A.B. asks: 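Just passing along the structure, written as structure tokens.
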Protein chains: 2
Amino acid sequence: MDENSGRSQAAQHILNQAEALFTRYGYDKTTLDDVARAAGISRSTLYQHWKKKEALFGAVLWRALRAFTVQWLAHIDADPQGGTFAGMFRIAFEIILKQPFMLALYKNDMRLLGSYMQFLEGSQIYVQRQLTQQMFLAKLQQAGLVRADLDVEAAAYAFNCLNYGLLKLSDMIPAEVAPAPERILETVMVMVERMVAPPQPGDPAAGQAIIREFAASALERLDALEQMFKATPQPQSQPQS
Amino acid sequence: MDENSGRSQAAQHILNQAEALFTRYGYDKTTLDDVARAAGISRSTLYQHWKKKEALFGAVLWRALRAFTVQWLAHIDADPQGGTFAGMFRIAFEIILKQPFMLALYKNDMRLLGSYMQFLEGSQIYVQRQLTQQMFLAKLQQAGLVRADLDVEAAAYAFNCLNYGLLKLSDMIPAEVAPAPERILETVMVMVERMVAPPQPGDPAAGQAIIREFAASALERLDALEQMFKATPQPQSQPQS
DNA sequence: TTTTGACCAAATAACGTTATTCGGTCACAT
DNA sequence: ATGTGACCGAATAACGTTATTTGGTCAAAA
């Protein structure tokens, strides 16, 4: 169904290399030469796919966000207790842990994004995260899957703090004194569960439905932003001048 | 009772200025000239009190840690619900928020500690924090003030993450989208409370007793470390050579 | 059409040198 | 005793210059 599958396949290969390099060295310290060399192509060829370095990074970022959402959705569909907030929280957390780029995005920020930040400008990544979780919790609450007396805004904020701390502290505390990851995760899950679970449990299926709808809309929003992120080169349009 | 109260008074004044400067500019970027000028004395006079820059910073650090512990203890004694873990957590949090130096220490920024880090060496500040909270939770659990089935090590870790995230995210998320501090604090307190509170509440007085004992031993340990921290100049001892 | 090496201007790293500052000491004044 | 200005060596900042790299373009080769 993809007319130029060869081209897109090549692009994916390049993006893989670029993602690894960006993750390791950050935006500023990763040169297009590095990317081209790692991908086994010439630097000029990169410009056939993305006309600016920003566009390349944007493509990596966009793809990672999309992959995260897709995986999240898949796991939730598969997981029997994916309909609860805590289960969802856990799945998101585990996926991030497995994706180095997303992990770096979450905890390091400034080094990974480097001077790409000014491109994102007012995009305000943490603000976005906060608002998204807020809205999400509110929807679950509306459906009776989250206790009615929960202050969703404050709770979203607290969960974000917890999330951030979990990711960040993991490389500040040596493994010897930190409990095993599974125990931490288990404990955090219990904490989240006790915090949001309503007195009588709601319908998990309803939860999954909300999450599906939510993930779908997230994907739509992402796709709508594709242009902004990737800024593809002139395909064959624009018979200008 | 202090034979040289004038001297110690002067030292406190110097420490005040030094603390403010260290908090604002960090260890490396704060010069002894700045401190001396701010304190209205000559730089040489500083050496009458502390023989190295490290010693000056150590004195500031030590004093801040001590003040924190003392205040903590006082508030807990005064607060009617100071005997619960959540209440204690709240008090510690609020005190830290009010002490810029401690706040900077927690948020950590290598900027504050700068090259003083190598002096602390294996002191491992986060490790210490983790172990302390662990032990503390365990004691409360033993006294029945924390539910018996709580994984204290993992919980201590999670609380540390939460704490860190709360302090750190506060300047990453603009005030417009963040809920009011009181609401956040309230929500976090509920979360902590639900996490650790045993089915039937224990005796608050017992909790306060444990905390008092704990704070007392912390003060003792601190006092024992005073030499290491402050490294006072040669008083009149050492009739050597 | 796709890929590439050569090319350009701007940004950045490297370098050596010069000033300045900084932590720390000491003889001297009070 | 207590405080201070002058002083020292080492570290750091400032500076200008030179090399190198980097993002981006283009005409030519495959």
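In what follows, chains are A, B, ... by sequence order, proteins preceding strands, each numbered from 1. What you see is a predicted model; the values in this text were computed from it and never measured.
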A.B. asks: In this structure, how many angstroms lie between the C1' atom of dT2(C) and the CG atom of L46(A), rounded?
C.D. replies: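 Computing the L46(A):CG to dT2(C):C1' distance gives 14 Å.
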A.B. asks: Could you state the CZ-P distance from F57(B) to dG23(C), rounded to the nearest angstrom?
C.D. replies: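 Checked: the CZ to P distance equals 13 Å.
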A.B. asks: Using a cut-off of strictly less than 4.0 Å between a heavy atom of the residue and any atom of DNA chain D, enumerate the qualifying residues of residues 30-39 of chain A by number.
C.D. replies: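 Close to the strand are T30(A), T31(A), L32(A).
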A.B. asks: Kindly calculate the angle separating the two end axes of the helix from dT1(C)-dA30(D) to dT30(C)-dA1(D), each obtained from five base pairs, and round it to 10 degrees.
C.D. replies: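 Rounded to the nearest 10 degrees, the bend comes out at 40°.
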A.B. asks: Rounding to an integer number of Å, can you tell me how far L21(B) CG sits from dG23(C) P?
C.D. replies: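 Going from L21(B) (CG) to dG23(C) (P), I get 12 Å.
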A.B. asks: Does the side chain of T30(B) reach to within under 4.5 Å of the side chain of F57(B), using non-hydrogen atoms?
C.D. replies: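 No, too far: nothing below the 4.5 Å cut-off.
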A.B. asks: What one-letter contact string describes nucleotides 25-30 of chain D from 5' to 3', where B marks a base within less than 4.0 Å of any protein heavy atom, S marks contact via sugar-phosphate atoms alone, and - marks no contact?
C.D. replies: B-----
A.B. asks: Quick check: are there more than 12 heavy atoms from other residues, nucleotides or ligands sitting under 6.0 Å from CZ of R212(A)?
C.D. replies: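 Atom CZ in R212(A) is crowded, with more than 12 foreign heavy atoms closer than 6.0 Å.
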A.B. asks: Return the minimal non-hydrogen interatomic distance between I211(B) and L73(B), and the atom names on each side.
C.D. replies: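 Smallest interatomic distance, heavy atoms only, reads O-CD1, 4.5 Å.
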A.B. asks: Could you tell me whether R63(B) sits above the aromatic face of F101(B), with NZ or CZ closer than 6.0 angstrom to the six-membered ring centre and within 45 degrees of the axis?
C.D. replies: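 Judged by the rule (NZ or CZ under 6.0 Å from the ring centre, within 45° of its axis), R63(B) is not positioned above F101(B).
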A.B. asks: Whole Å only: how far is the CH2 atom of W50(B) from the P atom of dT2(D)?
C.D. replies: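 Nearest whole value for this atom pair: 14 Å.
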A.B. asks: What is the separation between atom CD1 on I14(A) and atom C1' on dT4(C), rounded to the nearest whole Å?
C.D. replies: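 It works out to 14 Å between those atoms.
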A.B. asks: Whether K52(B) contacts dG24(C) is assessed here as follows: a side-chain N or O lying under 4.0 Å from the phosphate OP1 or OP2. Is that the case?
C.D. replies: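 Answer is yes, contact under 4.0 Å.
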A.B. asks: Within a strict 4.5 Å, meaning less than it, do heavy atoms of the Y116(B) and K53(B) side chains meet?
C.D. replies: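 Answer no - side chains too far apart.
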A.B. asks: Take the protein atom CD of Q48(A) and the nucleotide atom P of dT4(C), then report the distance between them rounded to whole Å.
C.D. replies: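 Interatomic distance, CD of Q48(A) to P of dT4(C): 10 Å.
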A.B. asks: Could you pull out the closest heavy-atom pair between A11(B) and W50(B), with the gap in Å?
C.D. replies: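 For A11(B) and W50(B), the tightest heavy-atom pair comes out as O-CH2, 4.0 Å.
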A.B. asks: Could you tell me how the ring of F214(B) sits relative to the ring of F136(B): parallel (under 30°), tilted (30 to 60°) or perpendicular (over 60°)?
C.D. replies: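 Because their plane-to-plane angle lies in the 30° to 60° range, the rings of F214(B) and F136(B) count as tilted.
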A.B. asks: K29(A) side chain N/O closer than 4.0 Å to the phosphate oxygens (OP1, OP2) of dA13(C)?
C.D. replies: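 For dA13(C), OP1/OP2 do have a side-chain N/O of K29(A) under 4.0 Å.
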A.B. asks: Identify whether the distance between the nearest side-chain nitrogen and carboxylate oxygen of E94(A) and R90(A) falls below 4.0 Å.
C.D. replies: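 Yes.
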A.B. asks: Should the pair F93(A) and F89(A) be assigned to parallel (<30°), tilted (30 to 60°) or perpendicular (>60°) ring geometry?
C.D. replies: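 The rings of F93(A) and F89(A) lie parallel, inter-plane angle below 30°.
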A.B. asks: Starting the side chain at C-beta, find the nucleotide from dT4(D), dG23(D), dG23(C) nearest to T45(B).
C.D. replies: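 The answer is dT4(D), which lies nearest to the side chain.
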A.B. asks: Should D34(A) and K29(A) count as an ion pair when the cut-off is N to O under 4.0 Å?
C.D. replies: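 Here D34(A) does not pair with K29(A) in a salt bridge, since their nearest N and O are not under 4.0 Å apart.
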A.B. asks: To the nearest angstrom, how far is K53(B) atom NZ from dC22(C) atom P?
C.D. replies: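 Whole-Å distance recorded here is 9 Å.
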A.B. asks: How about Y106(B) and F68(B): are their ring centres within less than 6.0 Å of each other?
C.D. replies: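 No: the rings miss the under 6.0 Å criterion.
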A.B. asks: Report the distance from atom NE2 of H49(A) to atom P of dG24(D), rounded to the nearest whole Å.
C.D. replies: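 One finds 16 Å between P of dG24(D) and NE2 of H49(A), rounded.
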